[in-house]
Structure formats: structure tokens, C-alpha cells
Amino acid sequence: MINVLDIGTGANCIYPIIGASQYNWKFVGTDVNDPSITSAKNIVQQNNVLFEKVEIRKQLSIDSIFIGVIKENEKFDLTLCNPPFHSSEEQATKGSQRKWNNLNKNTNTKPNSQLNFGGTSNELWCQGGEMSFIHKMIKESRLFSSQILWFTCLVSKKEHIRPLQLALKKAKCSNSKVIKMEQGQKTSRFIAWSFLSPEQVNQWRDERFNN
């Protein structure tokens, strides 16, 4: 069974819900926000499909991503993360307004409480925005290079890809990929990286799936 670590799982823990129910994957979801942790745990506890496949853990340090939530000798095949894209509340508000403006051009929809682009502060912004967050993720990922097969993270701005690839090269990762995703007129992407050599990947697969 595929083991996945979801960084910043949020109040709705949507990635674990989809992964566990549709693909039979096991998840550990982490978050720094207490209300989000409480909500995610309630969702898991009230759903029989999720109960044995999803664990929610609190990240106690706002300065850490993997440190403190990955246990000794614990292994994950994959990590997921939808990072805080903005560097401030003001920038996040302006971004939401741009989305509303674009939506209104086509549908004449007005903002309301049922349809919005909101989220908690830790989900929407952090100091330095997504570049700072993903750089920190890359730096910490080296500490868990033998415990995780693939690290991945969404990247909102394509101009951030090249600097992040250079950061991965500096971190001496053995493999990295940029995967584009297209839905309608929207194009997004995520970056993935691994520190394992081809031999180590084969050994990982033998240990995880052939025993």
C-alpha cells in the first residue's frame, strides 16, 4: 500500500479523502492550525473508509515542515503539499480579488459566503511566500532523504521553477521533475524530487512491495 505524507492537510483533508477512498492509499496529514487539526480528525473518525487509512498529526513548530512529524525509521512513498502562495495577507487579498474579477467577466458572479477563494492564514501566506516555503522544504528534505521516495509540491508561478531547480541541484538531489497540469484554460504545475539513486529506488520497491 502506498504511504503518503500530506503537508498542510487543512480542515477538509481533501488529499487524504481522495487518496484513501479512490486509490486505497494510507495517509499522514499534518497541519499547524488547531481548528484545522480538530476538523480533519473529526472527518477521519466519522468515516469508516478513512479511519484505518488516515492519521492526522499536529506540527508543533511553525518553523518546521518535516521535522517533528516524521517518526524515526518511518517511510513514505510520496509527500504532497499545497503551499501558502502569498507573502502577506494583503497580497493574498489582492490575489483573491483578481480571481473574482476574472470570474465576474464571464459569469457576472458576485462574491458570497458560499463561493470564495479564502482559507486560514497559514494556508494562504507566509513570510517570503511560496518561494521561501519551498526552499525551506527542500532544505529539510535532505534530512529525510532515505525515508521518502518522492517529495512533491505545487508551484503557483512558473517563474519560480528555474530558481527551485537550481536549489534542488545545490541540495544534490538525484532526480527532479516538473509536471504540468491543465484544466480548461488554467495551467498549474508541481515539482518533484528524490535523493535516491536508481539502485536505492529498486531496493525501496523490493522492500516495500515485494515482501
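Everything quoted here is computed from the prediction, not taken from an experiment.
Separation of atoms OG1 (Thr79) and CZ (Phe151) is listed at 6.0 Å; rounding is to 0.5 Å. Separating the CE atom in Met181 from the OG1 atom in Thr187 is a distance of 10.0 Å, to the nearest 0.5 Å. Note that NZ of Lys53 and NZ of Lys26 are 10.0 Å apart. Values are rounded to the nearest 0.5 Å. Rounding to the nearest 0.5 angstrom, the gap separating the CG atom in Asn12 from the OG atom in Ser39 is 6.0 Å. With rounding to the nearest 0.5 Å, the separation of CG in Leu143 from CZ in Phe66 is 10.0 Å. Residue Phe195 holds its CZ atom at 11.0 Å from NZ of Lys172, rounded to the nearest 0.5 Å.
For Ser141 and Trp193, the side-chain atoms include at least one donor-acceptor pair closer than 3.5 Å.
A single hydrophobic cluster is not seen to contain both Trp25 and Phe51; linkage of ILVMFWY side chains at heavy-atom distances under 4.5 Å, directly or through other members, places them apart. By the rule that hydrophobic residues join a cluster once side-chain heavy atoms approach within less than 4.5 Å of another member, Ile7 and Ile67 end up as members of one cluster.
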Problem set entry | Ile43/Leu50 under side-chain contact (heavy atoms from CB on, under 4.5 Å): CA gap, chis, key distance, verdict | CA-CA 8 Å; Ile43 291 172; Leu50 305 178; 4.0 Å; yes
For this session: Go through Val32 and Ile37 one step at a time and tell me if the side-chain contact (heavy atoms from CB on, under 4.5 Å) criterion holds.
Result: CA-CA 8 Å; Val32 299; Ile37 288 287; over 6 Å; no
For this session: May I have the step-by-step check of side-chain contact (heavy atoms from CB on, under 4.5 Å) for Val69 and Val28, ending in yes or no?
Result: CA-CA 9 Å; Val69 292; Val28 170; 6.0 Å; no
Problem set entry | Val4/Asp77 under side-chain contact (heavy atoms from CB on, under 4.5 Å): CA gap, chis, key distance, verdict | CA-CA 6 Å; Val4 183; Asp77 302 291; 6.0 Å; no
Problem set entry | Test log, rule side-chain hydrogen bond (donor to acceptor under 3.5 Å, both in side chains), inputs Gln59 and Thr30 | CA-CA 6 Å; Gln59 170 56 270; Thr30 72; 5.9 Å; no
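Checked by atom type and distance alone, the side chain of Arg189 never pairs as donor or acceptor with a backbone atom of Ile179 at under 3.5 Å. One N or O on the side chain of Ser174 and one on the backbone of Ser194 form a donor-acceptor pair closer than 3.5 Å. In this structure a side-chain-to-backbone donor-acceptor pair under 3.5 Å is present from Gln147 to Lys71.
The two atoms that bring Ser21 and Val49 nearest to each other are CA-CG1, 3.9 Å, heavy atoms only. The minimum heavy-atom distance linking Met137 with Thr152 is given by the pair SD-O, 4.3 Å. Across all non-hydrogen atoms, the minimal contact from Leu149 to Val201 is CD1-CG2, 4.0 Å. The shortest non-hydrogen separation linking Ser146 to Leu196 is CA-CD2, 4.2 Å. Residue Pro35 comes nearest to Asn33 through the heavy atom pair CD-OD1, 3.0 Å, listed as atom of the first residue, atom of the second, then distance.
The number of heavy-atom neighbours closer than 6.0 Å to CD of Glu52, taken from other residues, nucleotides and ligands shown, is 12 or below.
Counting heavy atoms from C-beta outward, Cys153 and Pro83 have side chains that approach closer than 4.5 Å. With a 4.5 Å cut-off on side-chain heavy atoms, Phe27 and Thr9 do not count as touching. Contact of the Leu5 side chain with the Leu78 side chain is not registered, since no non-hydrogen atoms from C-beta on lie closer than 4.5 Å. Within the 4.5 Å cutoff, the side chain of Ile191 has heavy atoms near those of the Leu168 side chain. In this structure the side chain of Gln165 reaches within 4.5 angstrom of the side chain of Val178, judged on heavy atoms. By the 4.5 Å heavy-atom criterion applied to side chains, Lys170 and Ile138 are not counted as neighbours. Side-chain atoms of Ile18 and Tyr23, non-hydrogen and from C-beta on, do get closer than 4.5 Å to each other. Using a 4.5 Å heavy-atom threshold, the side chains of Asn42 and Gln45 count as touching.
Test Gln200, Arg205, Glu199 against Asn202 for side chain to side chain contact (heavy atoms under 4.5 Å, CB included) and you get one pass: Arg205.
Salt bridge status for Arg142 with Glu140: absent, with no side-chain N to carboxylate O gap under 4.0 Å. Between Glu130 and Lys136 there is no salt bridge, since none of the side-chain N atoms of the basic residue sits less than 4.0 Å from a carboxylate O of the acidic one. Salt-bridge formation is not detected for the pair Asp31/Lys58: no Lys NZ or Arg NE/NH1/NH2 atom is positioned less than 4.0 Å from an Asp or Glu carboxylate oxygen.
In this structure, Lys75 satisfies the cation-pi test against Trp204, with its NZ or CZ atom closer than 6.0 Å to the six-membered ring centre and inside 45 degrees of the ring normal.
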